[in-house]
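Report on the following structure.
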Amino acid sequence: MNKKEKINLIRNIGIMAHIDAGKTTVTERILYYTGKSYKIGEVHDGEAVMDWMTDEQERGITITSAVTTCLWDTNVIQLIDTPGHVDFTIEVERSLRVLDGAIAVFCAVGGVEPQSETVWRQANKYKVPRIAFINKLDRIGADFFGTVDMMKEKLGATPLILQIPVGAEENFKGVVDLISMEQIIWDTETLGAKYERSPIPPELLESVKEYRDKLIEGVADFDDHIMEAYLAEEPIEAKMVIAAIRKATIQLALVPVLCGSALKNKGIQPLLNAIVQFLPSPVEVPPIRGIHPETGDTLEFETKSNGPLAALIFKVSMIEGRKLSFVRIYSGTMKAGEEVFNPSLGKKEKLARLLKMHANKKERIDEAGAGAIIGVVGLKDSSTGDTLCNQTHPVLLEKIDFYEPVISIAIEPKTHADQEKIEEVIKKFIAEDPTLKVRKDEDTGQTILSGMGELHLEIIISRMLREFNTNVNVGKPQVVYRETIGTESEATVVFDRDISGQHHYGEVTLKLSPLKRGTGNTFRSEISSDMIPDQYIPAIERGVMDSFASGAFMGYPVMDVEAVLIKGAFRESMSSELAFNVSASMTCKEAMMKAHPFLLEPIMDVEILVPDAFMGDVIGELNARGGKISSINPKSGIQEINAIVPLSKMFGYSTSLRSATQGRGTFTMQFSHFDQFEK
């Protein structure tokens, strides 16, 4: 089999969803039916293969994206199970960046939930074709068609129903395949490994015919032959329908919808068939683009194993203290023992070992070609988002966007032995997780750790103790604020000083103005080169941007301010970049203090699901925390409350919600924006 055919048989897919939609359970069933696992691991028993970290097993959630490879017929499916919890959004973001397709799992009871919307938007950003799997059809309150309608309303998707359920809730038995027009019923004795295809029962024929017509209408827009056959009322072959659905899915025009119950072992084999039939191989996605690190020219790499190397590190893990880099190869081949080039660092790195991954188990391989997702050991300095290529064909692939942390805790070592280890341990976590930030508080000497949420930081502390045996005392969580200004202001500072026997002179006048929320910081110059030569303007801009990094008011980063250079002076042979840099920084700080600075706090989008009986208490509690309720949507037996609440008021909310609802209420929260919160 040649390389080209092999690449055609690869499917790089991710499983994405809201927390508790059943992603990891779906993955476990895929591993079982493809022969990768010999027993089914359950999340609620802490035995799921893909949730291999101790914290994941105890909490029953996915924290890190796990990578695995399995075979279905002759196809190689490289699968990434991503987290659903909003604190670990970066894990989803960087997985979607390297995937060619995705399965969106929805809970038939909860429908499209807020985190489903977030991951859907992320998949839109990276133009990832998707198929949807509506799970948990055996649960009370399951509503297959209601969930499909929510996909249209909330996600703006165009769902294409390929299956309809047979039976509902506890009577859910199987599905009707609208392409082959057969009923599929799973055998409970063999844990769903065996299933039977049979003719459609007469009582279902009418509704099946209606949905079959809708399916054909949906794909006819993308295939003229189907359109002609449909209008002429001729029979349409399954082969034609599958080809048309594949084309529309890869073009992001349609989202095929399948259904089942992963926990009850129903619906997984057709889902595996759909992955192969409808999601693209690495050859069918647009070629990866990058830029030449020196010339800035745009470069394009086709998915060929004999082409120049272009690979992206999308994740770094510290497993048993050793650095393991997860790499997606877009073009070219990697061989164990060879050297590759990292253009971001301008350094060569050695590929000590290449590994095929199965969650945290690894299999050594000698080489890997285009389309592969592999683990690499031996990359010393390279980190998440870096490109690996040949020095003769350097390229920089687009970096992965990272999110700014919104919450901080102070940590300090418990013992002297912990003191020595703590810096090293934090360094390892930061290499793994780019959303984690660390700084030293000059006043207290404490180490301040910032992350995406309470759970995110809680797990980091837990891993410090478990994996690295490092004990720390933890201070209360603190909110990471931002600063901005309320009015326009001007300031002038002259820097005129002798440093190391050399005179430095620079005079800068800046005007600061507040900008619309979310605009960012800007700098421009309105002066002529007679006043200050052009060569010094970049130094002034650097000084301004440096002073925005920590505001004059309370030391938080400044946002949404425009700085305009309106006047200045230089002296021949005395002026220097240093003088203008320092002068600009001091001017900026002075102008900020005059411009009525104030704090902006992180505002969170909160969604609470609560049984009807406890609704009043929950709303009362939200009002007491300064929340603004934006909508209340009734669902079967429960109410969905959407609100915006300042993060500073959300500490300890999970405990309050549990006690107010006898443990039956759940909530999710995600960062919305920074603002002054006025009730």
Side-chain angles (χ1 to χ4, degrees), residues 11-18 21-23 26 30 77 79-80 82 84 92 95-96 99-108 110-137 142-165 175-179 211-223 226 241-260 262 267-268 270-281 284-286:
R11 298 289 181 275
N12 288 321
I13 61 155
I15 298 197
M16 56 184 217
H18 185 85
K23 271 184 326 301
V26 169
I30 287 175
I77 297 175
L79 188 69
I80 299 183
T82 62
V92 185
S95 301
L96 286 170
L99 292 171
D100 303 324
I103 303 167
V105 179
F106 298 102
C107 168
V112 176
E113 297 174 273
Q115 186 61 10
S116 319
E117 293 181 54
T118 305
V119 293
W120 196 268
R121 279 197 303 273
Q122 287 172 308
N124 285 342
K125 174 175 156 186
Y126 292 115
K127 298 186 169 54
V128 178
R130 275 144 277 178
I131 51 182
F133 181 71
I134 296 177
N135 191 24
K136 303 194 178 186
L137 282 170
D143 183 354
F144 172 73
F145 296 108
T147 306
V148 173
D149 290 341
M150 283 174 87
M151 285 175 67
K152 290 180 201 162
E153 284 163 37
K154 290 195 170 184
L155 306 175
T158 310
L160 184 74
I161 296 173
L162 306 189
Q163 297 175 343
I164 57 171
V175 301
V176 169
D177 182 334
L178 298 174
I179 296 176
Y211 284 104
R212 163 79 177 186
D213 284 350
K214 284 183 182 170
L215 165 67
I216 300 300
E217 278 170 28
V219 291
D221 294 341
F222 302 94
D223 192 295
I226 291 181
V241 177
I242 289 167
I245 296 172
R246 179 181 187 79
K247 186 176 149 195
T249 305
I250 293 173
Q251 289 172 354
L252 306 179
L254 292 176
V255 179
V257 180
L258 296 94
C259 60
I268 300 299
L271 177 64
L272 281 159
N273 291 334
I275 291 169
V276 171
Q277 286 170 337
F278 308 126
L279 292 178
S281 73
E284 292 164 298
V285 292

If the condition is salt bridge (Lys or Arg N to Asp or Glu O under 4.0 Å), which residues does K127 pass it with, not counting sequence neighbours?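 For K127, no residue satisfies salt bridge (Lys or Arg N to Asp or Glu O under 4.0 Å) once neighbours in sequence are set aside.
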Partner residues of D143 under the salt bridge (Lys or Arg N to Asp or Glu O under 4.0 Å) criterion, sequence neighbours left out: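 D143: no salt bridge (Lys or Arg N to Asp or Glu O under 4.0 Å) contacts found.
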I'd like to check the side chain to side chain contact (heavy atoms under 4.5 Å, CB included) partners of [X]; sequence neighbours left out, ordered by chain and number.
{"X": "A108", "answer": "I134, L137, A142"}
{"X": "D221", "answer": "M227"}
{"X": "K214", "answer": "E210, Y211"}
{"X": "M151", "answer": "F106, V112, W120, A132, L155, P159, V255, V257"}

Taking every non-hydrogen atom, the tightest pair across M150 and G110: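 Looking at all heavy atoms of both residues, the closest pair is CE-O, 4.1 Å.
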Give me the atom names and distance for the closest heavy-atom approach of I226 to A244.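 Here I226 and A244 meet closest at CD1-CB, 3.6 Å.
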Sequence-distant partners of [X], side-chain hydrogen bond (donor to acceptor under 3.5 Å, both in side chains), two or more places apart:
{"X": "N273", "result": "W72"}
{"X": "N124", "result": "R130"}
{"X": "R246", "result": "E284"}

Counting C-beta onward and ignoring hydrogens, is there a side-chain heavy-atom pair between L162 and L178 closer than 4.5 Å?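 Result no, sub-4.5 Å side-chain heavy-atom pair not found.
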Report yes if some heavy atom in the side chain of T249 is under 4.5 Å from a heavy atom in the side chain of P256; otherwise report no.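 Touching, per the 4.5 Å side-chain cut-off.
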